[in-house]
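A note on names: the letters A, B, ... follow the listed sequences, proteins ahead of strands, and every chain is numbered from 1.
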Amino acid sequence: MSIVTRFAPSPTGFMHIGNLRTALYSYLLSKSKDGKFILRIEDTDQVRLVEGATDVIIKTLEMTGIDYDEGPGVGGDHGPYIQSERLPIYKEYAEKLVESGHAYYCFCTAERLESLKDENGIGGYDGHCRDLSKEEIEKNLAAGIPYVIRQKMPLEGSTSYTDMVYGEVTIENAELRDQIMIKADGYPTYNFCHVVDDYLMGVTHVVRGNEYLTSTPKYCLLYDAFGWERPTYVHLPLLMGKDDEGNVSKLSKRHGAVSFQDLVNNGYLPEAIVNYIALLGWSPKDTNEEFFTMDELKKVFSMEGLSKSPAVFDYEKLRWFNSEYIKKLPEESYEEKALPILTELCPKGINIKKLGALLHTRIATFAEIKDQIGFVVERLPMEEDLYTNKKNKTTPEICKEILEGCLPMLEGVSDWSNDTLFASLKQFAEDTERKAGAVMWAVRVAVARQAVTPGGATELMEVFGKEESIERIKFAIEEL
RNA sequence: GGCCUGUUGGUCAAGUGGUUAAGACGUCGCCCUCUCACGGCGAAAACAGGGGUUCGAAUCCCCUACGGGUCACCA
């Protein structure tokens, strides 16, 4: 039997990175076995619904290379794939369960339900309408009293299932509440409709976050009540974040950017994001390799590599992955991304291409370009301390001499390239019996006015061009 | 609080009764070098605690501690 998995998000906002990871694992599980992957939109909560959220989900899957065989937009034999378009189906199946005695009408008011809770807001339904007589139900229905349909849980015994990650999980049935299947507004709840959909869509492996680990027996009972074969469950450890005090908790906004789009906007590459999150909660067998393309992941992914414990999302490591991906980018693709940013920021006359090349190994995200080139964009204020360098034994005075000395020579250079400039300055150092390092230091600092720069003296001069370079050096001499 | 579940360096994570307990990020040091980055080399750093089982436990069992999840007309 071939594997069918699905990703079933609610369109309630942006694509959380934890959700994306769930989608990825679900996708990989089916694709590693040549199976099918379905996208289903779970929009039964009309209150939390956010306009445009479905588009964000689809766009994210597209950008990350998680392609689905069935779903909104692409169709399939089991549609529609948006739950709000499947309402009659749920109603029909709910009624079946009422008829077979596995579900019942409940007329309890919101106030009554509220009164059942303790001071912590904990406490659920008490089964008040569980055994209403037929007459009573008819009477309430006729009177137009709002109702919900609840699943009738067994009062005794226990329910077990085997999770592919956590092993056998057993819950006492007494722990189970008679949960609502159909809400008063006629919409089904997740608890009910996802089971119906998974069955109807032929889903064989349910991959989801481990917050569902303890409610899964309820869903198993639903399958049993319908006489359907239960799917295989694969619950994933949660993704955590760490706050400034070092406390871990479910990854959320206060830990930083948590949506895929935020990360992309911050200059991270989709490939790097996918690669990194693939390794958060899963690791490949028989290899220490950490770099994987989507195609490679499809080949090496297996459930045995899934871990049970929650993983802390580490922005540092993501950053490292991203820098590696940037370094691996072929020149053309790198320039395609970097050059527009540089063009926008830099004044005319700057050799954008050369500057981009210098930055290639020096940025971890494309957003960092801006931080690196402030000294190019404008002439920074003079700081005399910069001219003092212990290793090269330079002082402001010495630097002034060096600059005055090499200026005429530089003005005579016609081939303003890194190689020529480097050779010329080296020669100048030799002629004046100075260390090359000292000369380079003086020139670099004069041109950049910054201690740490992405590139050496001659590389920067090449970026600035002859005119700007000479001008900056003259300016430095005057100030010293 | 009840129930479920987890716990290997700061973080990710290999390990399925016998290992000097991998590897990666980060940190630190050295080398390379026109500063930085890249690259190369190296170092520090872990089996939550306590009982068992066993000739032998990170690995199996129990207890404790701590973490997380869940107890909705949210998913």
Strictly under 3.5 Å: I want the nitrogen or oxygen pairs between protein and nucleotides 40-45 of chain B, one per line.
none

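Under the ring pair (Phe, Tyr, Trp, His ring centres under 6.0 Å) criterion, A/Tyr105 pairs with A/Tyr147, sequence neighbours left out. In this view, A/Glu271 satisfies the salt bridge (Lys or Arg N to Asp or Glu O under 4.0 Å) rule with no residue, not counting sequence neighbours. Evaluation of the salt bridge (Lys or Arg N to Asp or Glu O under 4.0 Å) rule for A/Lys327 yields A/Glu324 as partners, not counting sequence neighbours. By the side chain to side chain donor-acceptor pair (under 3.5 Å) test, A/Ser160 pairs with A/Thr170, sequence neighbours left out.
No engagement by A/Asn322 is indicated, since no non-hydrogen atom pair under 4.0 Å with the nucleic acid exists.
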- Message: Does the protein touch nucleotides 63-73 of chain B at the base, only the backbone, or not at all? Give it as B, S and - per nucleotide, heavy atoms under 4.0 Å.
- Response: -----SBSBSB
- Task: List the protein contact pattern of nucleotides 19-31 of chain B with one symbol per nucleotide (5' to 3'): B for base contact, S for sugar-phosphate-only contact, - for none; contact means a heavy-atom distance under 4.0 Å.
- Result: ---BSBSS-----
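Taking every heavy atom of residues 361-370 of chain A and every atom of RNA chain B, pairs under 4.0 Å involve A/Thr361, A/Arg362, by number.
Between A/Phe291 and A/Phe321, the distance from one ring center to the other falls under 6.0 angstrom. Aromatic rings of A/Tyr190 and A/Phe192 (six-membered ring for Trp) have centroids beyond the 6.0 Å cut-off, not under it. Under the 6.0 Å cut-off for aromatic ring centres, A/Phe301 and A/Tyr25 qualify, their centroids lying closer than that. Taking the six-membered ring where the residue is Trp, the centroids of A/Tyr334 and A/His360 are separated by under 6.0 Å. The ring of A/His205 has its center no closer than 6.0 angstrom to the ring center of A/Tyr233.
Comparing B/G39, B/C12, B/U11 against the side chain of A/Ala311 picks out B/C12 as the nearest. Relative to the side chain of A/Ile171, the nucleotides B/A75, B/C12, B/C3 differ in distance, and B/C3 lies closest.
Comparing the P positions of B/C12 and B/C63 gives an interatomic distance of 27 Å, to the nearest angstrom. The P atoms of B/U19 and B/C25 are separated by 28 Å, rounded to the nearest whole Å.
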- Task: Take A/Leu97 and A/Met181 through the test side chain to side chain contact (heavy atoms under 4.5 Å, CB included) and record every step on the way to the result.
- Result: CA-CA 10 Å; A/Leu97 250 29; A/Met181 297 173 6; 4.0 Å; yes
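A/Glu304 places its CD atom 15 Å from the P atom of B/U16, with the value rounded to the nearest Å. At whole-Å resolution of the value, CD in A/Glu168 and P in B/G6 are 12 Å apart.
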- Where each pair must be Watson-Crick or G-U wobble with both distances under 3.5 Å, what dot-bracket representation of RNA chain B is obtained, with crossing pairs in [ ] and other-strand partners as |? ((((((((.[[[..)..(....]]].(((((.......)))))....[[[[[..)....]]]]])))))))....
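Within the structure, the salt bridge (Lys or Arg N to Asp or Glu O under 4.0 Å) test picks out no pair touching residues 179-189 of chain A (sequence neighbours left out). Within the structure, side chain to side chain donor-acceptor pair (under 3.5 Å) pairs that include any residue of residues 272-285 of chain A comprise A/Asn275-A/Tyr325 (at least two apart or interchain). Under the salt bridge (Lys or Arg N to Asp or Glu O under 4.0 Å) criterion, no residue pair touches residues 145-172 of chain A, with sequence neighbours excluded.
Toward the 5' end of RNA chain B, the nearer of the two residues A/Gly281 and A/Thr170, judged by each one's closest nucleotide, is A/Thr170.
Rounding to the nearest 0.5 Å gives a distance of 6.0 Å between CZ of A/Arg130 and OH of A/Tyr104.
Side-chain contact, A/Asn173 with A/Ser158: no donor N or O sits under 3.5 Å from an acceptor N or O.
For A/Lys327 and B/G39, the shortest distance from a side-chain N or O to OP1 or OP2 is below 4.0 Å.
Between A/Ser424 and A/Thr420 the shortest side-chain heavy-atom distance falls below 4.5 Å.
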